[in-house]
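As structure tokens, the structure follows; a few thoughts come after it.
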Amino acid sequence: MKGDYGGNKLGDARSYKYVIVGGGMVAGYAIKGIRQKDPSGSILVISKEADVPYERPALTKKLWLDNEFTEEDIKIGAENHPNVTFKFNTTVNKINRQYKTIMLTDNPTIHYEQLLLATGSEPRSIKGPADPHVLVFRKWSDYRKLRKFSGENQHVVIIGGGYVGTELASSLTQNNTKVTMIFPKKKLGEGKFPEDIRAEYEATFKKNGVEILSNQLAQSYQRQGDHLIVVTKDGSEITADTIIIGLGVTPRIELAQDSKLILADGGVKVNKYLQTSDPSIWSAGDIASYPDQILGRQRIEHVDHARFSGELVGQNMAGAHLVYKHTPYFYSMIFDISWKAVGNINPVLQSVFDQRNHGYIIYFLDKDKLVGVLIWNVSVDLDDVRSLLADPPANNNDLVGSIKEK
């Protein structure tokens, strides 16, 4: 691993066979994919972060809940491959598709043969001054800071009721930290789960001591002496030792947009090989709008997609010409609830409940067509779920019992 430029000179530019813009999970798995087909071609990774690629989901879950799992375990291992150069804390300003070059923030020009856009997503925030105890939680460095600010009955206020907010509320509560959650919906999980399990979901947080302030829109925060104050739309003030902002993310597509690549679904449009409208530029992970073989065109912001699309796009950059056939799942774990899903699980859709001994399998129908499956505290083979979505029974009454438990 190198921390600065290597590569070969090409005119006034450094030249690399593969350039990856973004240093997250997709980059880590893309390097793995490239090296399966090309053991030595030069790779440059340009990252806004200061760390080598790592498994992001562990930041809100496993690192908090498994004492034998350490920070060293979250590294994907991209730094261990030969002829890989990393440029950290760096942004790409411009792509020149005609000359196959990119321009960096500190002005050097880099030439590429194959370029991967894996810029991921930008977390949303609210108004307030920069403060070490306010974390727009997304990165490994955020986890390190939160570790110092948690425990010893510290009070952490979490703004947002999505993945980051709920998972950290669970993990912090189990690590001797007082947690208050603030979110604008009337109920936790509203619009995400059918009411029967949504109620169980919210009750689990309350049972474990999480204070829930629903129907509250956090507008800003400010420092007041030793504490922080969150101010809501109705003027309420909530005191905190530390604030976590977990308000979802926005795909980083400005570079692709400025480069006149074709966009779709709020992301970068790719074909079944994860290739953009420019044959030398590829995309995967959060920003890629790709043709899913079961679900149709999708843009998915989740770890399973980052891993599989990252590895396959790396193989294809190195000449493999493989079709992306994986249909990703998404999941979460909070307290004693573990759920997984494939497809569209919007609770406004018609649903069929399949009650099992310890949980549910819920089938979601759009105009009588099966479009999504939610697995709630049940262990199944997800390939069985994918097979069902690809070839559902003619009669929806036959859905119940159609998926075997492990």
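Within a 6.0 Å sphere centred on NZ of K178, other residues, nucleotides and ligands contribute 12 heavy atoms or fewer. In the displayed structure, N153 atom CG is contacted under 6.0 Å by more than 12 heavy atoms of other residues, nucleotides or ligands. Heavy atoms from other residues, nucleotides or ligands lying under 6.0 Å from CD of E72 number 12 at most.
In this structure, R252 pairs ionically with E122, as a charged nitrogen and a carboxylate oxygen lie closer than 4.0 Å.
Every residue two or more places apart in sequence or in another chain that forms a side-chain contact (heavy atoms from CB on, under 4.5 Å) with P82 is listed here: R35. Shown here are the side-chain contact (heavy atoms from CB on, under 4.5 Å) partners of T250, two or more places apart in sequence or in another chain: R124. With sequence neighbours excluded, the residues that form a side chain to side chain donor-acceptor pair (under 3.5 Å) with S236 are D234. Checked against side chain to side chain donor-acceptor pair (under 3.5 Å), N89 has no partners two or more places apart in sequence or in another chain. Y29 pairs by the side chain to side chain donor-acceptor pair (under 3.5 Å) definition with E55, not counting sequence neighbours.
With hydrogens and angles ignored, the 3.5 Å screen pairs a side-chain donor or acceptor of S402 with a backbone N or O of L399. Counting only distance, with no hydrogens or angles, the side chain of Y221 and the backbone of G128 share a donor-acceptor pair below 3.5 Å.
For residues 181-202, the ring pair (Phe, Tyr, Trp, His ring centres under 6.0 Å) pairs, not counting sequence neighbours, are F193-Y201, F193-W339, F193-W376, Y201-F205.
Annotation: H321 is in aromatic contact with Y273 [ring centroid separation under 6.0 Å]. Note: Y324 and H305 meet the aromatic proximity criterion, with ring centroids under 6.0 Å apart. Aromatic ring centroids of Y331 and Y329 lie under 6.0 Å apart.
Using a 3.5 Å distance cut-off with no hydrogens or angles, the side chains of N271 and Y290 do not pair a donor with an acceptor. A donor-acceptor pair shorter than 3.5 Å cannot be found between the side chains of T239 and H227. Using a 3.5 Å distance cut-off with no hydrogens or angles, the side chains of R297 and S289 do pair a donor with an acceptor. For the 3.5 Å distance criterion, the side chains of Y363 and N396 fail to qualify, holding no donor opposite an acceptor. Between the side chains of R56 and Y54, at least one donor-acceptor pair of N or O atoms lies under 3.5 Å. Side-chain contact check for S280 and K100: at least one donor-acceptor pair (N or O, by modelled atom type) lies under 3.5 Å. For the residue pair T327/D292, the side-chain donor-acceptor check at 3.5 Å is satisfied. In the model, E167 has no side-chain atom that pairs as donor or acceptor with a side-chain atom of W64 under 3.5 Å. No side-chain N or O of E200 forms a donor-acceptor pair with one of T204 less than 3.5 Å apart.
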What's the verdict on ring pair (Phe, Tyr, Trp, His ring centres under 6.0 Å) for Y360 and F353, showing C-alpha distance, side-chain angles and the deciding distance? CA-CA 7 Å; Y360 302 91; F353 272 69; 5.6 Å; yes

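With I43 as the partner, the side-chain contact (heavy atoms from CB on, under 4.5 Å) test is satisfied by one option alone out of I31, N83, L116: I31.
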